[in-house]
Amino acid sequence: MSEVNEQRVCIKFCLKLGKNATETYEMIKTAFGDDSLSRSKIFEWFKRFKNGRETTEDDPRSGRPSTSRNDDVVSKICEKVRNDRRLTVRELADEAGISIGSCHEILTENLQMRRVAAKFVPRLLTLEQKENRLTICQDLKNRSIDPNFIKNIVTGDETWVYGYDPETKAQSSQWKTKFSPRPKKARQVRSSVKTMLIVFFDIEGIVHYEFVPHGQTVNQVFYKDVLMRLREKIRKKRPEKWRTETWFLHHDNAPAHSALSIREFLADKKIPVVPHPPYSPDLAPCDFFLFPKLKFALKGQRFQDVEEIKANTAAELKVLTSEQFQRTFEKWQDRWNHCILSGGEYFEGNIKLADLTLEQLINRHICNLHFKQTDFNNIETQQRLKQKAVPMKKDVKKWKKKYKDATDRYAALMIQNKSLKAQISHHADELRSKEVLAKDLERKNKILASKVEDTLVKLKDSQKLVKFLEDKVKATEKECSESVVKYSSHENILLKIKLVIILFNI
């Protein structure tokens with residue numbers, strides 16, 4: 001607070017205490033001495049505060065009227081910029097005959113403009129390509145209402161990893177004092193030693209990665225083998241997804257990815273594919289998260305051979321945490337919203353259109369109308385547009401109320417959805433228990449069937465044994481009969497011998 005304002009506050013304080021103007025002047029003179037306000041000023045401010053004034057600041061003054069920011073000059077600057085948008089502020093100021101500062105204020109304040117450089121994009125999209133991006137993003141946004149959809153996506157792509165990749169300008173920046181020389185570095189290029197990395201990941205982390213052998217082209221035959229190895233890794237690392245067969249594959253539209261043999265392989269293995277619009281690296285998690293983050297960590301380092309490149313790349317992949325992958329999939333959903341709001345165009349990553357209020361969107365639209373209206377060569381048009389915006393701004397409250405009502409309805413629907421999900425899960429649990437019971441009965445039936453088969457086999461063996469024993473008994477009976485005959489014959493002989501002995505004795 002300045003000393004003048006302090007004295008004005010003291011004057012106001014004395015008035016509150018019931019002092020008159022003369023007493024206030026004497027007190028101010030005693031407190032501030034030679035630096036105090038004059039008698040006339042003290043009496044003037046005492047009268048102002050007595051009449052109800054509250055602020056101690058000076059009243060705003062209009063000042064000298066501006067001769068360089070009138071309607072004619074603004075219209076002239078506007079017309080020249082519309083004819084050639086690459087004119088500099090100095091060139092516009094020279095042609096309009098005004099100062100550079102005034103010209104800059106006209107451009108930034110009156111015309112709501114700022115100078116930007118052209119942005120490099122993968123391709124100048126046609127109307128059909130924009131509509132395709134818009135349709136796919138809208139479809140993915142609708143499917144993402146189910147939380148399991150995002151969790152079951154496995155996305156992947158391939159990229160080159162170099163033995164030396166020059167560091168960025170931001171990486172090479174360093175602190176220096178006012179008098180120390182500016183650091184310098186030589187212009188460098190990427191090394192010819194490189195290898196191709198293929199990586200797949202989901203919301204939990206890396207699922208599978210491998211390096212393409214030297215001299216191998218990533219064609220449909222090789223990519224089919226990669227997908228087979230990916231399925232094996234999912235079976236080992238994500239057994240729940242493998243068991244339920246609910247995971248989706250997401251990759252771009254490269255020729256090796258969209259070949260007929262690959263589509264047939266995915267259809268045969270029942271692997272659904274998440275659609276991806278052409279020329280859209282801004283909608284691929286590998287391109288906007290994994291590869292930039294991986295290469296940023298490797299930039300500026302020199303690797304002697306391919307094996308060293310592979311080792312360092314694998315180490316960087318292992319450093320990534322599950323939280324980073326979760327944030328990536330959240331950003332992926334945000335990018336769908338940005339693409340929808342931009343009408344399928346490439347969007348600016350640092351502008352969050354989804355966070356803009358309705359009033360801000362209206363103002364943004366009004367600002368864009370400045371150079372779309374053909375009769376925007378005068379200030380009256382601007383005033384008319386602002387007047388049209390007034391009723392639109394008044395409708396903001398109505399739209400906010402409608403939005404609140406829609407939010408309440410959505411919350412009620414979500415509660416109903418949760419109850420329905422609970423019922424579905426309950427029925428699903430009952431169905432699973434019945435399936436478990438049915439599987440248990442089927443297992444017991446199989447055990448009983450196997451026991452019956454074993455019993456039948458044993459019965460057949462017993463029948464064979466009985467037949468064998470019967471044959472044995474018959475053979476024994478035959479031998480017994482033959483023995484009886486032989487015994488009787490032996491008895492006859494014995495009797496004859498006895499008779500002979502008796503006769504011999506006689």
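On a predicted model such as this, the values are computed, not experimentally measured, just so you know.
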For [X], I'd like to know if atom [atom1] has over 12 heavy atoms of other residues, nucleotides or ligands within 6.0 Å.
X      : atom1 : result
Phe288 : CZ    : yes
Lys236 : NZ    : no
Tyr279 : OH    : no
Lys295 : NZ    : yes
Leu127 : CG    : yes
Glu435 : CD    : yes

Can you tell if the side chain of [X] reaches within under 4.5 Å of the side chain of [Y], non-hydrogen atoms only?
X      : Y      : value
Lys224 : Ile262 : yes
Leu227 : Leu249 : yes
Asp202 : Ile153 : no
Arg82  : Glu79  : no
Ile309 : Leu298 : no
Leu290 : Thr159 : no
Asp157 : His257 : yes
Thr155 : Phe201 : yes

Minimum heavy-atom separation for [X] to [Y], with atom names?
X      : Y      : result
Pro183 : Lys176 : CD-CD, 4.3 Å
Thr168 : Lys185 : O-NZ, 3.7 Å
Val89  : Cys103 : O-SG, 3.8 Å
Lys130 : Gly343 : CB-O, 4.0 Å
Ser191 : Gly163 : OG-N, 3.3 Å
Gln326 : Ile203 : CG-O, 3.6 Å

If you look only at pairs with a residue in [range], which of them pass as a salt bridge (Lys or Arg N to Asp or Glu O under 4.0 Å), with sequence neighbours excluded?
range            : answer
residues 90-112  : Arg69-Glu105, Arg69-Glu109, Lys80-Glu95
residues 248-266 : none
residues 158-169 : Asp165-Arg190, Asp165-Lys299
residues 133-152 : Arg133-Asp282

TODO: With sequence neighbours excluded, tell me which residues meet ring-ring contact (aromatic ring centres under 6.0 Å, His included) with Phe200.
DONE: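 Phe200: no ring-ring contact (aromatic ring centres under 6.0 Å, His included) contacts found.
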Task: Residues in ring-ring contact (aromatic ring centres under 6.0 Å, His included) contact with Trp336, at least two apart in sequence or another chain - done: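 Partners of Trp336 by the ring-ring contact (aromatic ring centres under 6.0 Å, His included) criterion, ordered by chain and then number, come out as Trp332.
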TODO: Starting at CD of Glu128, measure out to OG1 of Thr126 and round the result to the nearest 0.5 Å.
DONE: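 If we round to the nearest 0.5 Å, Glu128:CD and Thr126:OG1 are 4.5 Å apart.
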- [ ] Kindly compute the distance separating CG (Asn337) from CD (Gln138), expressed to the nearest 0.5 Å.
- [x]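 Result: 9.0 Å between the selected atoms.
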Task: Working for side chain to side chain contact (heavy atoms under 4.5 Å, CB included), residues Val212 and Thr195 - done: CA-CA 7 Å; Val212 180; Thr195 183; 5.7 Å; no
Open item on the list: Under 6.0 Å between ring centres: does that hold for Phe325 and Phe289?
Closed with: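 Centroid distance Phe325-Phe289: below 6.0 Å, so yes.
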Would you tabulate the side-chain donor-acceptor contacts of residues 268-278 under 3.5 Å, counting partners in other chains and residues two or more places apart, or write 'none'?
from, atom 1, to, atom 2, distance (Å)
His276, ND1, His250, NE2, 3.2
His276, NE2, Ser280, O, 3.2

Are any side-chain N or O atoms of [X] and backbone N or O atoms of [Y], one a donor and one an acceptor, separated by less than 3.5 Å?
X      : Y      : value
Asp440 : Val436 : no
Ser342 : Phe347 : no
Thr217 : Asn219 : no
Ser102 : Ser99  : no

TODO: Show your reasoning for whether salt bridge (charged side-chain N to carboxylate O under 4.0 Å, His left out) applies to Arg432 and Asp429.
DONE: CA-CA 5 Å; Arg432 290 193 196 97; Asp429 293 337; 2.6 Å; yes
Task: Criterion side chain to side chain contact (heavy atoms under 4.5 Å, CB included) on Leu413 and Gln416, from CA distance to verdict - done: CA-CA 5 Å; Leu413 291 174; Gln416 295 179 3; 3.9 Å; yes
Task: ring pair (Phe, Tyr, Trp, His ring centres under 6.0 Å) contacts touching residues 95-142 (sequence neighbours left out) - done: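 Ring pair (Phe, Tyr, Trp, His ring centres under 6.0 Å) check on residues 95-142 returns no pairs.
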Open item on the list: Please determine whether a side-chain nitrogen of the Lys or Arg among Glu232 and Arg235 lies less than 4.0 Å from a carboxylate oxygen of the Asp or Glu.
Closed with: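 Yes, charged N to carboxylate O under 4.0 Å.
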Residues two or more places apart in sequence or in another chain: which of them pass salt bridge (charged side-chain N to carboxylate O under 4.0 Å, His left out) with [X]?
X      : answer
Arg123 : none
Glu54  : Lys12
Glu308 : none

Task: With Leu230, the side-chain contact (heavy atoms from CB on, under 4.5 Å) member among Asp225, Val207, Ile198 - done: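 Of the listed residues Asp225, Val207, Ile198, the side-chain contact (heavy atoms from CB on, under 4.5 Å) partner of Leu230 is Val207.
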- [ ] Please assess Arg238 against Glu204 for the test salt bridge (charged side-chain N to carboxylate O under 4.0 Å, His left out), listing each intermediate value before the final yes or no.
- [x] CA-CA 10 Å; Arg238 306 289 187 267; Glu204 299 177 28; 3.6 Å; yes
TODO: Decide yes or no on side chain to side chain donor-acceptor pair (under 3.5 Å) for His426 and Glu430, but give the supporting numbers first.
DONE: CA-CA 6 Å; His426 177 68; Glu430 291 182 352; 2.8 Å; yes
Open item on the list: Distance to the ring centre below 6.0 angstrom and angle to the axis at most 45 degrees; does that hold for Lys194 and Trp160?
Closed with: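 Yes.
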Open item on the list: Is there a side chain to side chain contact (heavy atoms under 4.5 Å, CB included) between Phe303 and Lys310? Walk through the geometry before answering.
Closed with: CA-CA 10 Å; Phe303 308 118; Lys310 294 180 179 180; over 6 Å; no
Task: side-chain contact (heavy atoms from CB on, under 4.5 Å) partners for Pro122, two or more places apart - done: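 Pro281, Tyr346.
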Task: Criterion side chain to side chain contact (heavy atoms under 4.5 Å, CB included) on Leu294 and Leu197, from CA distance to verdict - done: CA-CA 11 Å; Leu294 174 65; Leu197 168 69; 3.7 Å; yes
